[in-house]
Number of protein chains: 2
Amino acid sequence: MKSQSAEESRIAQLCVEHGLKMTGQRRVIARVLSDADDHPDVEELYRRASALDSRISVATVYRTVRLLEEKGILERRDFGGGRARYEATEGGRHHYHLIDVDNGKVIEFEDPEHEELMRRVAERLGFDFVSMRLELFGKKRPQSQKAAKPATRSSKKGSAE
Amino acid sequence: MKSQSAEESRIAQLCVEHGLKMTGQRRVIARVLSDADDHPDVEELYRRASALDSRISVATVYRTVRLLEEKGILERRDFGGGRARYEATEGGRHHYHLIDVDNGKVIEFEDPEHEELMRRVAERLGFDFVSMRLELFGKKRPQSQKAAKPATRSSKKGSAE
DNA sequence: CTATATGCAAAGATTTTGCGGCGAA
DNA sequence: TTCGCCGCAAAATCTTTGCATATAG
């Protein structure tokens with residue numbers, strides 16, 4: 001969802017700043033991550049990366065997301081379903097996730113005062129705030145339309161939201 | 001959290017209320033869960049349950065926690081490390097978790113106004129609040145000795161907390 | 001040139017499931 | 001008696017790793 005240009009993607013730049021070698025594969029994965037505005041799991045990242053360059057293996061995707069997570073460039077999410085999902089770390093404001101318990105859809109929302117609140121909590125407990133994870137689960141309020149689909153717990157091929 | 005008596009554990013009672021058969025194994029697992037004041041993973045639950053009754057298999061533990069989670073009796077947590085951890089759903093106030101990024105220790109904290117805040121967020125987005133998950137990651141502040149010591153307990157490396 | 005990365009496949013780790021037998025209600 | 005539950009082990013997932021080769025810096 002960002003610059004489709006030929007220049008380095010935002011995440012590729014971060015990789016360089018962190019002293020990582022920019023191989024072809026890594027550059028492609030970085031671009032996929034930079035362009036994503038959802039929360040793809042490894043399988044989905046692999047699919048998207050493969051579409052751009054077929055010389056990429058899943059192992060590399062796993063190694064890359066792991067590395068980027070360690071560097072703080074990526075954040076891992078768990079929305080249930082057993083697979084880790086990733087999204088780029090944001091610089092300033094964070095956003096959180098509301099998961100529709102009926103269909104697993106993820107809605108992002110912001111809450112500016114939230115992080116400040118958590119910083120204070122951390123401080124009160126004697127910690128420096130590093131990051132946070134907030135997931136809200138809700139049921140769509142039945143005001144206007146469609147009946148909720150059964151809460152399918154085993155979405156094998158959900159890909160991303 | 002601690003009725004070591006011969007009567008049904010709190011969770012066992014909930015099982016009955018939900019129409020589940022109370023087999024010997026299930027009763028033991030229910031007791032282990034009722035007595036736990038940490039966040040055991042399946043392996044740890046299996047260990048504790050086995051100590052009370054050796055005729056229990058891991059498969060049953062997996063099946064049980066899954067069932068109880070579906071019934072809303074248990075909540076699954078993900079503190080990183082790849083394994084799901086469980087804790088009993090609380091009736092009234094909720095507590096949240098602060099994870100020490102340096103050693104993985106988990107500290108519980110409360111924040112009464114928090115749930116109300118989240119209820120309002122959900123409402124604003126057109127949802128009814130179902131539940132939430134909040135994990136805060138922090139680094140222990142080295143400086144001020146007077147920093148409030150966490151009034152909660154923490155854990156060990158391997159199995160639970 | 002050397003430290004990193006990668007592919008591939010095998011190994012790990014965690015969780016689920018098929019099936020025959022058992023037991024709670 | 002009936003239907004749910006259990007143990008066992010195989011299988012399904014998801015993720016990591018050993019090793020030989022390739023390549024960025």
Side-chain angles (χ1 to χ4, degrees), chain A residues 8 11-13 15-30 32 39-47 49-50 52-71 73-74 76-86 152-160, chain B residues 8 12-13 15-30 32 39-47 49-50 52-71 74 76-86 158-160:
Chain A
E8 292 288 48
I11 288 183
Q13 290 177 36
C15 287
V16 173
E17 288 171 23
H18 282 264
L20 301 176
K21 282 190 181 180
M22 285 314 295
T23 63
Q25 294 90 329
R26 192 165 285 171
R27 204 184 310 276
V28 168
I29 296 172
V32 167
H39 317 88
D41 55 29
V42 169
E43 192 187 336
E44 176 65 16
L45 287 173
Y46 175 55
R47 199 172 311 150
S50 296
L52 299 182
D53 184 337
S54 59
R55 308 171 301 170
I56 289 178
S57 75
V58 245
T60 296
V61 178
Y62 271 107
R63 279 192 272 237
T64 302
V65 294
R66 194 185 201 212
L67 186 63
L68 298 197
E69 193 199 350
E70 282 165 6
K71 296 290 186 186
I73 298 174
L74 279 189
R76 193 195 327 193
R77 304 277 178 224
D78 165 47
F79 297 152
R83 18 227 297 177
R85 296 161 74 144
Y86 295 87
T152 162
R153 171 161 229 344
S154 55
S155 67
K156 275 302 62 143
K157 281 288 178 167
S159 290
Chain B
E8 290 288 49
Q13 289 177 36
C15 287
V16 173
E17 289 171 23
H18 282 263
L20 301 176
K21 278 190 183 178
M22 284 315 295
T23 64
Q25 293 91 329
R26 190 165 288 172
R27 204 182 311 277
V28 169
I29 297 172
V32 167
H39 317 88
D41 56 26
V42 169
E43 193 186 335
E44 177 64 17
L45 287 173
Y46 175 54
R47 201 172 309 149
S50 296
L52 299 182
D53 183 338
S54 60
R55 306 172 302 169
I56 290 179
S57 77
V58 243
T60 296
V61 178
Y62 272 107
R63 279 193 272 238
T64 302
V65 293
R66 194 186 200 209
L67 186 63
L68 298 197
E69 193 201 349
E70 283 166 4
K71 295 291 186 184
L74 280 189
R76 192 194 329 189
R77 303 280 177 222
D78 165 47
F79 297 153
R83 21 227 294 181
R85 295 161 75 143
Y86 294 87
S159 31

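Numbers restart at 1 for each chain; the letters A, B, ... are given by sequence-line order, proteins then strands.
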#### Entry: Gap between atoms CG and P, on L67(B) and dT17(C) respectively (whole Å)
13 Å
### Task
May I ask you to decide whether R47(B) forms a salt bridge with E44(B), counting only side-chain N to carboxylate O separations under 4.0 Å?
yes
### Query
What's the CD-C1' distance between E44(A) and dT13(D), to the nearest Å?
17 Å
### Spatial distance of atom CD1 (I29(A)) from atom CG (L52(A)) [nearest 0.5 Å]
10.5 Å
### Query
For dC14(D), does either OP1 or OP2 sit under 4.0 Å from a side-chain N or O belonging to R85(A)?
no
### Query
Does dC8(D) have OP1 or OP2 sitting under 4.0 Å from an N or O in the side chain of S57(B)?
no
#### Entry: Proximal nucleotide (of dT16(C), dA5(C), dG7(C)) relative to the T60(A) side chain
dG7(C)
### Message
Strictly below 4.0 Å: does R55(A) bring a side-chain N or O up to OP1 or OP2 of dG7(C)?
### Response
no
### Message
Tell me whether the side-chain N/O atoms of Q25(B) come closer than 4.0 Å to OP1 or OP2 in dG23(C).
### Response
no
### Message
To the nearest 0.5 Å, what is the distance between CZ on R76(A) and NE2 on H39(A)?
### Response
15.0 Å
### Residue R26(B), side-chain heavy atoms: nucleotide from dT15(C), dT15(D), dC5(D) that is nearest
dC5(D)
### Query
From the list dT17(C), dA25(C), dT15(D), which nucleotide is the closest neighbour of the side chain of K21(B)?
dA25(C)
### Message
With each end axis built from five pairs of C1' atoms, what bend angle do you get for the helix from dC1(C)-dG25(D) to dA25(C)-dT1(D)? Round to 10°.
### Response
50°
### Query
Is the shortest side-chain N/O distance from R76(B) to OP1 or OP2 of dT15(C) below 4.0 Å?
no
### Gap between atoms CD and P, on E69(B) and dT16(C) respectively (whole Å)
9 Å
## Note on the structure
D41(B) atom CG is separated from dT14(C) atom P, nearest whole Å, by 8 Å
### Query
Looking at side-chain heavy atoms only, is the closest gap between K71(A) and L20(A) below 4.5 Å?
yes
### Separation of atom CZ in R27(A) from atom C1' in dT4(C), rounded to whole Å
15 Å
### Task
Enter the distance from S57(B):OG to Q25(B):CD here, rounded to the nearest 0.5 Å.
8.0 Å
### Query
Rounded to the nearest 0.5 Å, how far apart are CD of E43(A) and OH of Y62(A)?
8.0 Å
### Query
What distance separates L68(B) CG from H18(B) NE2, expressed to the nearest 0.5 Å?
9.0 Å
### Message
Here's a test of your reading of the structure: between V58(B) and M22(B), which maps to the more 5' nucleotide of DNA chain C?
### Response
V58(B)
### Query
Got a donor-acceptor pair under 3.5 Å from the side chain of R63(B) to the base of dG4(D)?
no
#### Entry: Interatomic distance where CZ belongs to R47(B) and P belongs to dT14(C) [whole Å]
11 Å
#### Entry: Atom-to-atom span, CG of L74(B) to C1' of dT15(C) - whole angstrom
16 Å
### Task
Verify the contact: side-chain N or O of T23(B) to OP1 or OP2 of dC5(D), cut-off strictly under 4.0 Å; return yes or no.
no
### Message
Strictly below 4.0 Å: does Y62(A) bring a side-chain N or O up to OP1 or OP2 of dT15(D)?
### Response
yes
### Query
Where is the tightest heavy-atom contact between K21(A) and R26(A), given as atom of each residue plus distance?
O-NH1, 3.0 Å
### Message
Just the rounded figure in Å: distance from P of dT16(C) to CZ of R83(A).
### Response
13 Å
